[in-house]
Amino acid sequence: MGRNIIVFIFLLLCLAGNAQNKNLPFSIKENKTMEQYVEISLGTVLDSPGDAFKANVSVNNILFHRFGAYGSIETSSGSLYNIYGITASLNSWAYLFGGIDGFTKHGIINNNIADTRKEAGIGFIFGKLIVTRFGYSSSVGPTLSVGIKLNLK
């Protein structure tokens, strides 16, 4: 799992460095920027859909019109997870996200990195308002969230 996190961070850093290159297919055009928006979504862990619930709030494309941040609260099998992380837009309809639990009993403060709850995934925007997030964590398995997109401008 540690290798997967390193690869994910490396990909995000490559995306940040290449965002200025106008010739790449996912780059920002000269007169256009990625719109800044807030996303609110609700979902579940797919391995136990009736037992685990998830709520996400993210602010996307705030930094360099490409990066943002998110927070997620999840209850699963009587456990509470509170995950914070970053988002990186690939284009106007897809973004990557990744985060780590910091403060609960499954968080980095109370555990070593191997036992800490981590997640990574991809989000898709359909139309102007609908957002779907597919995530995965070795702790709980695949997750699915659906929500709305609220433009900041």
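- Atom CD1 of Ile83 sits about 10.5 Å away from atom NZ of Lys118, to the nearest 0.5 Å.
- In this structure, the separation between CD1 on Ile148 and CD1 on Ile130 is 8.0 Å, given to the nearest 0.5 Å.
- The minimum heavy-atom distance linking Pro142 with Tyr136 is given by the pair N-CD1, 3.7 Å.
- Contact between Thr87 and Val59 at its shortest, heavy atoms only, is OG1-O, 4.3 Å.
- Distance check: Thr132 OG1 to Ile122 CD1 gives 11.5 Å after rounding to the nearest 0.5 Å.
- Scanning both residues, Val45 and Val140, for their nearest heavy atoms gives CG1-O, 3.3 Å.
- A heavy-atom distance below 4.5 Å is not found between the side chains of Glu39 and Ile125.
- Checked by atom type and distance alone, the side chain of Thr143 never pairs as donor or acceptor with a backbone atom of Thr44 at under 3.5 Å.
- There is a path of hydrophobic side-chain contacts, each under 4.5 Å, that joins Leu96 to Phe134.
- Applying the side chain to side chain donor-acceptor pair (under 3.5 Å) rule to Asn56 yields the partners Ser41, Ser72, Ser145; only residues at least two apart in sequence or on another chain are considered.
- Checked by atom type and distance alone, the side chain of Arg66 pairs as donor or acceptor with a backbone atom of Ser89 at under 3.5 Å.
- Among Trp93, Phe124, Tyr95, the single residue meeting the side-chain contact (heavy atoms from CB on, under 4.5 Å) criterion with Val131 is Tyr95.
- Put simply, the side chain of Tyr70 does not reach to within 4.5 Å of the side chain of Asn60, judged on heavy atoms.
- Taking CD of Gln36 as the reference point, atom CG of Asn61 lies at 7.0 Å (rounded to 0.5 Å).
- Separating the CD atom in Glu119 from the OH atom in Tyr81 is a distance of 11.5 Å, to the nearest 0.5 Å.
- Atoms CD1 and OH, from Ile100 and Tyr84 in turn, are 13.0 Å apart once rounded to the nearest 0.5 Å.
- Using a 4.5 Å heavy-atom threshold, the side chains of Arg133 and Lys54 count as separate.
- The nearest pair of heavy atoms linking Ile73 to Leu80 is CG2-CD1, 3.8 Å.
- Between Lys128 and Glu35 no salt bridge is recorded (no basic side-chain N to carboxylate O distance below 4.0 Å).
- Between Leu42 and Phe53 the shortest side-chain heavy-atom distance does not fall below 4.5 Å.
- Judged as a ring-ring contact (aromatic ring centres under 6.0 Å, His included), and not counting sequence neighbours, Tyr37 has no contacts.
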